[in-house]
Amino acid sequence: MEKKVNEKQQALDRRYLRMAYIWAENSYCQRRKVGALIVKDKMIISDGYNGTPSGFENVCEDEHNVTKPYVLHAEANAITKIARSNNSSDGATMYVTASPCIECAKLIIQAGIKRVVYSEKYRLEDGIELMKRAGIEVIYMEVEDPHQSLDTNH
């Protein structure tokens with residue numbers, strides 16, 4: 001029974017992670033597009049992608065292709081969106097296409113998120129280590145082709 005539940009959860013995790021990749025396509029950033037979803041009770045309660053704050057021009061990089069310092073990460077966008085809604089991220093799972101940095105890890109901890117599923121590893125693992133230290137279940141999951149069918153009949 002336990003194995004069956006794990007397989008079902010893994011299938012769900014993989015599906016939500018693929019959806020985060022599709023959401024990342026909304027980003028105007030050229031260097032890297034990152035997407036995040038926050039899921040609670042099998043419902044997407046928030047989403048985000050990396051980009052500039054509301055009302056700013058949709059240009060993430062300067063003339064030297066360096067990311068502007070005020071660009072928000074996908075995780076931060078998803079968490080701040082929760083703050084403006086009637087939802088609570090307490091006990092939720094975050095699906096993010098890239099490994100959270102230390103700044104986003106702090107926000108994830110404070111938002112009460114209990115699981116983080118991510119796909120692309122980053123050279124710095126301090127964000128991952130901090131989340132683990134806070135007791136968050138952190139899962140690395142490869143996504144073969146993030147744009148493969150989202151059909152749930154597989």
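Remark: the backbone N or O of His64 is paired with a side-chain donor or acceptor of Asp62 at under 3.5 angstrom. In this structure a side-chain-to-backbone donor-acceptor pair under 3.5 Å is present from Gln30 to Tyr28. Formation of a donor-acceptor pair under 3.5 Å by the Asn50 side chain with backbone atoms of Arg32 is found in this model.
Note on Ile128: it clusters hydrophobically with Ile136, by side-chain heavy-atom contacts below 4.5 Å among ILVMFWY residues.
Side chains of Cys101 and Tyr122 form no contact here, defined as non-hydrogen atoms less than 4.5 Å apart. Looking only at side-chain heavy atoms (C-beta outward), Glu120 and Tyr21 come within less than 4.5 Å of each other. Looking only at side-chain heavy atoms (C-beta outward), Thr52 and Val59 stay at 4.5 Å or farther from each other. Contact check for Tyr16 versus Met94: no side-chain heavy atoms found under the 4.5 Å cut-off. Looking at heavy atoms from C-beta onward, Leu107 lies out of side-chain contact with Glu75 at the 4.5 angstrom threshold.
Note that CG of Asn77 is 11.5 Å distant from CG of Asn26, once rounded to the nearest 0.5 Å.
A side chain to side chain donor-acceptor pair (under 3.5 Å) with Asp13 holds for exactly one of Arg18, Arg115, Lys8; it is Arg115.
Surrounding CD of Glu57 are more than 12 heavy atoms belonging to other residues, nucleotides or ligands, all under 6.0 Å away. The neighbour count for Gln110 CD, taken as heavy atoms of other residues, nucleotides or ligands under 6.0 Å away, does not exceed 12.
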